[in-house]
Amino acid sequence: IELLLRSQLSGRVLDPDGKPLHSLMVVPAAATLAGALGPTALVAATTPQQATAGTDGSFSLRLDQGVWDVGLIPPADSMLPRLWLTELDLGADLDVGTVVIPRGVMVHGVVHDPTGAPLAHANVRLYTVASGNSACSPGDDQCLAPPRLRAEGSSGSDGIVALILPSSPE
């Protein structure tokens, strides 16, 4: 049996001030709903490899050939938002170059229960949906991109939740 070497995805991540962003998680995900929901038995048994950026902000990981979305998740204490690199075509090795994570802004909201009272300890997740999904036919899982997690947090005893989002739209 001859096993082919997977394509290598690499790059470097910097914070908004141009400093290397070490300990950033690099998380690959299927680029389409079909890829996310329709695994074969072989694919279901394997989870894509994740990587962590080194002290110089660089990362490298090997993935099966195909089209991938890759989440860049900064450490929680960095106060920086998540960023998604979308539709990366790994037909061969790919270096995405240097990626700068945008500045983050803290957004606050209040979670309420059905009676209108503040809800303590609620887990809140904020997702974005690709604007290109509007051009897809209903039920076209090959066209539709899955929603991507942009921020998450838990409400305090007063129902207030804080999320970190990009300071400018992407």
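All figures in this text were calculated on a predicted structure; none of them were measured in a lab.
Partners of Thr98 by side chain to side chain donor-acceptor pair (under 3.5 Å), not counting sequence neighbours: none found. With sequence neighbours left out, the side-chain contact (heavy atoms from CB on, under 4.5 Å) criterion links Ser23 to Pro75. The side-chain contact (heavy atoms from CB on, under 4.5 Å) check on Asp158 picks up Ile160, with sequence neighbours excluded. The side chain to side chain donor-acceptor pair (under 3.5 Å) check on Thr86 picks up nothing, with sequence neighbours excluded. Every residue two or more places apart in sequence or in another chain that forms a salt bridge (charged side-chain N to carboxylate O under 4.0 Å, His left out) with Asp17 is listed here: Arg103. With sequence neighbours excluded, the residues satisfying salt bridge (charged side-chain N to carboxylate O under 4.0 Å, His left out) with Asp69 are Arg148.
Expressed to the nearest 0.5 Å, how far CG of Asp93 lies from CG of Asp95 amounts to 9.5 Å. The structure places CG of Leu63 at 8.0 Å from OG of Ser7, a figure rounded to the nearest 0.5 Å. Atom CG of residue Leu80 and atom CG of residue Leu24 lie 9.0 Å apart, to the nearest 0.5 angstrom. Taking OG of Ser78 as the start and CG of Leu21 as the end, the distance is 6.0 Å to the nearest 0.5 Å. Note: Trp68 CH2 to Thr32 OG1 = 10.5 Å, rounded to the nearest 0.5 Å. For the atom pair OG1 (Thr52) and NE2 (His22), the distance works out to 12.0 Å, reported to the nearest 0.5 Å.
The side-chain contact (heavy atoms from CB on, under 4.5 Å) with Leu83 is formed by just one residue from the set Val13, Val100, Ile101; it is Ile101. Just one of Leu85, Ile73, Val70 meets the side-chain contact (heavy atoms from CB on, under 4.5 Å) condition when paired with Val26; it is Val70.
A donor-acceptor pair under 3.5 Å is formed between the side chain of Arg12 and the backbone N or O of Asp56. The backbone N or O of Arg6 lies less than 3.5 Å from a partner atom in the side chain of Arg62, making a donor-acceptor pair. Judged purely by atom type and a 3.5 angstrom limit, Gln65 uses its side chain to pair as donor or acceptor with the backbone of Gly91. Judged purely by atom type and a 3.5 angstrom limit, Arg150 uses its side chain to pair as donor or acceptor with the backbone of Arg82.
Here disulfide (SG to SG under 2.5 Å) pairs that include residues 60-148, with residues two or more places apart or in two chains, are Cys136-Cys143. Within the structure, the salt bridge (Lys or Arg N to Asp or Glu O under 4.0 Å) test picks out no pair touching residues 26-37 (sequence neighbours left out). Legend: salt bridge (Lys or Arg N to Asp or Glu O under 4.0 Å) pairs involving residues 119-135, not counting sequence neighbours, sorted by first then second residue: Arg125-Glu152. Applying the salt bridge (Lys or Arg N to Asp or Glu O under 4.0 Å) test to residues at least two apart or on different chains, none of the pairs has a partner in residues 137-147. Under the side-chain hydrogen bond (donor to acceptor under 3.5 Å, both in side chains) criterion, the residue pairs touching residues 104-115 are Asp113-Thr115, with sequence neighbours excluded.
Closest approach of Pro81 to Pro166, counting heavy atoms only: CB-N, 3.6 Å. Minimum interatomic distance between Ser60 and Ala51 (heavy atoms only, all atoms of both residues): O-CB, 3.8 Å. In terms of heavy-atom proximity, Leu149 sits nearest to Trp84 at O-NE1, 3.0 Å. When all heavy atoms are compared, the tightest approach of Ala120 to Ser155 is C-OG, 3.5 Å.
Between Leu61 and Leu9 the shortest side-chain heavy-atom distance falls below 4.5 Å.
Summarising the hydrophobic clusters (Ile, Leu, Val, Met, Phe, Trp, Tyr; side-chain heavy atoms under 4.5 Å, direct or chained), the residues clustered with Val107 are Val105, Val111, Leu119, Val124, Leu126, Val161, Leu163, Leu165.
Linking ILVMFWY side-chain heavy atoms closer than 4.5 Å, directly or via other members, places Val27 and Val99 in two distinct hydrophobic clusters.
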